[in-house]
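The figures that follow rest on heavy atoms only: side chains count, while hydrogens, waters and symmetry mates do not. Because the structure is predicted, anything quoted here is derived from the model rather than measured. Throughout, protein chains are lettered first and strands after them, A, B, ... in sequence-line order, and every chain is numbered starting at 1.
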Amino acid sequence: MAEPTPGRILADGLWDNNPALVQILGLCPLLAVTATVVNGLALGLATLATLVLSNSVVSLVRHHVTPEIRVAVYVLIIACIVTAIELAMNAFFHDLYLILGIFVPLIVTNCNILARAEAFASRQRLLPAALDGLAMGLGFTAVLVALGAMRELLGRGTLFAQAELLFGEAGRWLEVTVLEDYRGWLLAALPPGAFIGLGLLIALKNVIDARRRPEGAATPAPAPAVGHAHGA
Amino acid sequence: MAPSRHMLRTGLLLGLFAAAGTLLVAATHEATRERIVANERAYLLRTLHELVPEELYDNDLAADRILVRDPLLGGREPLPVFRARRGGRPVAAVLTAVAPDGYGGAIRLLVGVRHDGTVLGVRILSHKETPGLGDAIDQAKSPWVEGFRGKRLGDPPARLWRVRKDGGVFDQFTGATISPRAVVKAVRRALEYYQRHREALFAVPPSREEPRHG
C-alpha cells in the first residue's frame with residue numbers, strides 16, 4: 001500500500017473520510033454524549049489520545065502479527081491502552097478523572113479505533129499511523145463538538161455550559177447563555193435529537209461537497225479514501 | 001491433523017501479546033495504586049468536610065468509622081458510616097448509601113445527617129448516569145443535591161419524599177427522571193435507617209476493617 005502524504009491523511013480524517021460523517025463509525029459514544037459542547041469535547045479528546053497511541057502501537061508491531069490473530073491482537077492492544085489511560089488519569093489527574101472517568105470506558109465501544117488499526121495503522125510506518133490517529137481523532141472531535149453545540153443550543157439555550165469542569169475556573173467565561181429564559185427543547189436533548197442532528201450534519205457535508213464539485217460532474221465521485229472501512 | 005509450525009507460532013505469538021498486555025496493565029495498576037488510594041482518601045475527606053462543617057465536631061471524622069450492612073442502605077457489601085462527635089457527644093453522622101436503581105447502574109452517595117435527623121447535605125460518590133441528562137445529580141454538574149439540605153423525615157412527610165413527577169417535592173431533570181428518583185429514594189431510606197439505628201450507630205467502637213470500596 002502506497003504511503004499517503006501527510007496532507008492527504010489530514011484531509012481524510014478531517015473531511016473526506018471523516019469517521020463520523022463519512023465512515024459513520026463510533027456512533028454509540030457519539031450519540032450518547034453530545035448533549036453539550038463540553039461533554040462532546042471531553043470524549044473527543046479522550047478518543048484522540050487513544051487513537052494516536054493505538055495506531056502507533058499497531059504500526060510498531062505490524063510485521064510481527066500474523067493475519068489470523070490480528071483482530072484479537074488489536075483488540076487486546078486497544079483494551080490495554082484504554083485501561084492504562086484510565087488508571088493513569090485516576091492517579092495523576094484525579095479531578096479530571098472524576099469528570100471524564102465516565103467517558104474513558106466508552107472509548108472501548110468506539111469501533112472507529114479498531115477500524116483505523118485494521119485499515120490504516122497495520123499497513124503504515126509509525127509516523128503516518130500516528131498522524132492518521134491524530135487526524136481521525138480531530139475529525140471525530142470536530143463532529144462531536146458541532147453536534148454538541150447544536151443540541152445544547154436547541155435543547156438548553158446555552159453554549160459551553162460547565163466549561164470550568166474541563167478547563168478549570170479559567171474556562172468559566174466560555175459559558176454563554178444564548179437564549180435567555182429559554183425553556184428548552186426536549187427533543188434536542190434526548191437521543192432522537194442526536195440522530196436527527198447527525199443526519200443534518202451529514203446532509204450539510206454532502207451539500208458542501210456537491211457545491212465544490214466542478215461543473216459537469218453529475219455523479220458524485222467516491223472520495224479517494226485511504227483504508228475506507230464501513231461497519232457498525 | 002497435527003498442528004503445523006505456523007499454527008504453533010501464531011498461538012505462541014498471541015500468548016506473547018496477551019502476556020505483554022497483561023504486564024502493561026498490571027505494571028500501571030501497581031504504579032498507580034497508592035496514588036489512587038491516596039486520591040480517593042483525599043476526595044473522601046474533602047467531601048466529608050463539605051457535609052459536616054468543621055466547627056461542629058472535634059474528633060477524627062474519617063477514622064471514627066464503622067461498617068454496616070443493611071437493606072435500607074442498599075448494596076450487598078458493608079458500607080462505611082462516619083461519626084462526628086464534639087466533646088465525646090454525637091453531633092452528626094455521614095452514611096454511605098447505594099441507590100441500586102440508577103439509569104446506568106448503582107449510584108453511591110454520602111448522606112450527612114445531624115444527630116436530630118436533619119440532612120446536612122448529600123454528595124454523589126460515583127455514578128454512571130447519562131452525561132448531559134441524569135448526571136445532573138452529580139454536585140460537580142448541577143446544584144441539585146443541595147435540595148436535600150435541611151430536610152428530614154416528616155418534613156416533608158414521607159409520602160412527599162419523591163420527585164415531582166411522582167407527586168413529591170424534589171425536582172427531576174428535563175429528560176431524566178430515573179436518576180433523581182433513585183437518589184431521592186436512597187436518601188429517604190438512609191434516613192429511615194438512621195432513625196431506627198441512631199443510638200446503636202454511635203455506640204459501636206470504630207472498625208479497623210477496610211471497606212472494599214473507598
(message) Rounded at 0.5 Å granularity, tell me how far CG in Asp135(B) sits from OG1 in Thr36(A).
(response)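 Reported value, rounded in 0.5 Å steps: 8.0 Å.
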(request) Mind checking the CD-CE spacing from Glu68(A) to Met7(B)? Nearest 0.5 Å is all I need. (result) 9.5 Å
(request) Determine which residues belonging to residues 29-36 of chain B lie within contact range of chain A, meaning some heavy atom pair is under 4.5 Å apart, and list them by number or answer 'none'. (result) His29(B), Thr32(B), Arg35(B), Ile36(B)
(message) Would you say that Leu16(B) contacts His64(A) through its side chain, given a criterion of any heavy-atom pair below 4.5 Å between the two side chains?
(response)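 Leu16(B) does not reach His64(A) side chain to side chain.
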(message) Do Val65(A) and Phe17(B) make a side-chain contact, defined as non-hydrogen atoms from C-beta onward lying under 4.5 Å apart?
(response) yes
Sort [X] into side chain, backbone, both or neither according to what part of it lies under 4.5 angstrom from a heavy atom of chain B.
X: Leu87(A); answer: both
X: Asn90(A); answer: both
X: Thr66(A); answer: both
X: Ala91(A); answer: both

(request) Please state whether the side chain, the backbone, both or neither of Leu14(B) comes within less than 4.5 Å of a heavy atom of chain A. (result) both
(message) If I measure from the heavy atoms of chain A, does Ala18(B) come under 4.5 Å with its side chain, its backbone, both, or neither?
(response) both
If you count heavy atoms of other groups shown closer than 6.0 angstrom to [atom1] of [X], is the number above 12?
X: Lys185(B); atom1: NZ; value: no
X: Phe92(A); atom1: CZ; value: yes
X: Arg41(B); atom1: CZ; value: no
X: Tyr193(B); atom1: OH; value: yes
X: Tyr103(B); atom1: OH; value: no

(request) Report the C-alpha distance between Leu13(B) and Ile69(A) in whole Å, list the side-chain angles of each, state the deciding distance to 0.1 Å, and finish with yes or no for side chain to side chain contact (heavy atoms under 4.5 Å, CB included). (result) CA-CA 9 Å; Leu13(B) 201 63; Ile69(A) 56 165; 3.9 Å; yes
